[in-house]
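A short write-up of the structure that comes next.
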Amino acid sequence: METVITRFAPSPTGYLHIGGARTALFNWLYARNRNGKFILRIENTDLQRSTKESTEAIFEGLTWLGIDWDEGPYFQTDRFDLYKEYAQKLFDAGRAYYCRCTPEELEAKRKISLERDGKVKYDGTCRGKELSPGDDTVLRFAADPSGNTPLNDKVKGGIIFNNEDIDDFIILRRDGTPTYNFAVVIDDVTMNVNTVIRGDDHVSNTPKQIQIYKALGAAVPAFAHAPMVLGKDKSRLSKRHGAMSVTAYREMGYLPEALINYLVRLGWSYGDQEFFTRGDLIEKFSLEHIGRSAGVFDPDKLLALNGEHIRSTPVSELAERLIPFLEKRGIHETPGPYLEKAVETLVQRSKTLEEMAESAVFYFSDTVAYDEKAAAKCLKPDAAEPVRVLIERLEDMEDFDEKSLEDAFKDVMEKTGLKLGKIAQPVRVALTGRTASPGIFEIVGILGKDKVIRRLSDALEFIESSS
RNA sequence: GUCCCCAUCGUCUAGCCCGGUCCAGGACACCGGCCUUUCACGCCGGCGACAGGGGUUCAAAUCCCCUUGGGGACGCCA
């Protein structure tokens, strides 16, 4: 069977966004699933808008997501000679002609025809004039004037375009650079791309491209147009909808595995399964299960999924990935048992690494910063007694294992006549500064005798001084 | 305006191709409850959809048509 060759061809005019990442993912996954080849190509024929920074950002985003490419990156700017060569072929074959209409004239024509019959199509003024190339000419493709161009889309099914709706579009600009609809085809032909997976905002370009393939006598690839990703208001995704760049999610503490899982699942399904590892995705991905309708990006679901991925990631690995987030808070921690134990207590309570780092601060700081409300609620005078008793009891202890801690707290309960809840909350605030935290025994065990007693004493002091 | 696509819970979706097993299943969110030293996790339960109208058929979420709604494309952008 023929080797599947797919590609991701972004234009470097901004960061890698959610929608682009999903397209990349679909192509990559399909290639991996079919044991094919995945190519990365940068479509930078628009010299004005393409930037080096955007190109770097795209590489960075893809790399973080774990999307690797087998070939490329290719840059269209390195291939201008090739486009000219193919343009010449079309010209020689009578399938392209020079046009001298100015942008202003075209604009006027568009306006008139739009008013007349609602159609916006080049009227073919220069077709048949046999103009020769010059500074003031563009090269246009001579499209089929009649008949139709069928597209057999892998996800949309069959679509038939009337050739009368397809105009003689420009393939080489006045400055000799190729336009998108022409360059993609030349690239895909010369790179042997046989499966084009892209957003369905490209469907209406497809018949134009198919005509180029045919005019060139090249094999038409399989097309799969995936539905769009929309924002909450069902309009096309944009900055208005919040964080849209892939790297923004990295910064917010999302795991690439989770983003991938979410993005792929948005528009593709595998029965009722929601959770997928990278391996699952590669194994199970198929074009047949890409949906036909557009989907709304739901940050809540992504967040929930991220929590799930965190819970299924080995603690040692999480610990390592957490370090940058601790650094951001001025905490310089190295991998090791202490970090890992701390992480272990936070896994179920964290939906992002960012959140985990925030909750982990008390494990690493010298003094505890009390949350105002927490202190007001729990570090009141009536908390002094149990805290004092606990300190005394703890001071006599050698081992801080769970069993002996439990006994210690029981003793405090007996001596003070208080329920565990009444004792645990003040202690929790004394140790962490907050009312919500991992289990008290866990924390005490990890922090160790010295830190625990110091923090309890600090709290006692706080209670006394503020009463 | 013209062309194209789409249409199941608020959202992502299963089911649709090969009509009956669907008074429509799962997930997120939301609301209850259980567990419990807090918060989570986990578990149990609830709320909640086949856009509307016509056909076809013994039978339609599933097939056909229309309407409506949404999206996309109409660039010397990609």
Side-chain angles (χ1 to χ4, degrees), chain A residues 9-13 43-46 48-50 76 99 101-103 106-107 110 113-121 137-140 151 153 156-157 159-162 164-167 169-181 183-184 198-207 225 227-228 230 232 234-236 262 265-275 288-289 291-305 307-308 311 345-351 359 374 378 409 419-425 427-429 432 434-441:
Chain A
S11 65
T13 52
E43 309 223 321
N44 57 349
T45 58
D46 186 338
Q48 266 71 42
R49 299 200 303 157
S50 300
Q76 290 186 322
C99 165
C101 299
T102 66
L106 293 171
E107 180 59 35
R110 261 195 291 273
S113 79
L114 185 66
E115 276 166 19
R116 193 181 56 232
D117 57 6
K119 292 188 174 153
V120 182
K121 183 183 168 185
T137 59
V138 297
L139 188 65
R140 281 185 187 274
L151 159 64
D153 198 88
K156 300 273 178 195
I159 304 171
I160 294 170
F161 295 89
N162 194 328
E164 282 165 20
D165 295 327
I166 300 166
D167 72 352
F169 56 99
I170 292 168
I171 60 178
L172 288 185
R173 300 182 183 100
R174 197 165 295 231
D175 64 4
T177 59
T179 58
Y180 167 74
N181 279 124
V184 239
R198 60 191 359 176
D200 71 10
D201 48 338
H202 283 287
V203 261
S204 50
N205 285 323
T206 312
H225 288 97
M228 305 258 81
L230 309 176
K232 189 154 183 57
K234 301 223 176 196
S235 73
R236 200 178 178 148
Y262 176 73
R265 200 42 249 283
L266 210 193
W268 173 83
S269 63
Y270 189 77
D272 281 340
Q273 191 174 338
E274 300 277 355
F275 184 92
E288 294 77 67
H289 287 104
R292 287 167 302 268
S293 49
V296 174
F297 181 80
D298 180 5
D300 282 339
K301 188 151 187 177
L302 168 58
L303 184 66
L305 202 50
E308 232 180 298
R311 273 172 259 133
T345 67
L346 262 14
V347 170
Q348 287 158 305
R349 298 165 231 271
S350 312
K351 291 211 162 52
S359 322
C378 300
F409 273 78
K419 284 189 182 169
L420 184 53
K422 280 286 175 191
I423 304 168
Q425 279 311 82
V427 172
R428 189 184 310 282
V429 176
T432 71
R434 307 172 174 202
T435 52
S437 81
I440 287 292
F441 301 148

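In the text below, chain A, chain B and the rest are named by the order of the sequence lines, each starting its count at 1. Scope of the values below: all heavy atoms of this structure, side chains included, with no hydrogens, waters or symmetry mates.
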With rounding to whole Å, what would you report as the distance between [N] and [M] at their [atom1] atoms?
N      : M      : atom1 : value
C9(B)  : G45(B) : P     : 24 Å
U11(B) : G70(B) : C1'   : 15 Å
G48(B) : C41(B) : P     : 25 Å
C12(B) : C50(B) : P     : 16 Å

With S204(A), which residues qualify under side chain to side chain contact (heavy atoms under 4.5 Å, CB included), at least two apart?
->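 Scan of S204(A) (side chain to side chain contact (heavy atoms under 4.5 Å, CB included), adjacent residues dropped) gives none.
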Can you name the residues that form a side chain to side chain contact (heavy atoms under 4.5 Å, CB included) with I170(A), not counting sequence neighbours?
->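 For I170(A) the side chain to side chain contact (heavy atoms under 4.5 Å, CB included) partners, ignoring immediate neighbours, are V138(A), R140(A), T179(A).
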Take nucleotides 34-49 of chain B nucleotide by nucleotide from the 5' end and write B, S or -, depending on whether a protein heavy atom sits under 4.0 Å from the base, only from the sugar-phosphate, or from neither.
-> ---BBBBSS-------
Nucleotides 8-13 of chain B: protein proximity per nucleotide (B base, S sugar-phosphate only, - neither; heavy atom, under 4.0 Å) = ---SBS
Base, sugar-phosphate or nothing for [X]? Non-hydrogen atoms, less than 4.0 Å.
X       : value
C101(A) : base
N205(A) : base
H225(A) : nothing

Phosphate OP1/OP2 of A78(B) contacted by R173(A) side-chain N/O (<4.0 Å) =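 Yes, such a contact exists.
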With sequence neighbours excluded, what pairs up with K422(A) under the side-chain hydrogen bond (donor to acceptor under 3.5 Å, both in side chains) test?
->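 Partners of K422(A) under the side-chain hydrogen bond (donor to acceptor under 3.5 Å, both in side chains) test: none.
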Under the side-chain hydrogen bond (donor to acceptor under 3.5 Å, both in side chains) rule, collect the residues that match up with Q273(A), sequence neighbours excluded.
->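 Only K284(A) meet the side-chain hydrogen bond (donor to acceptor under 3.5 Å, both in side chains) criterion with Q273(A).
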Choosing from [options], which nucleotide comes nearest the side chain of [X]?
X       : options                : answer
R236(A) : G75(B), A73(B), A29(B) : A73(B)
I159(A) : A78(B), C5(B), A29(B)  : C5(B)
T45(A)  : A73(B), G71(B), A78(B) : A78(B)

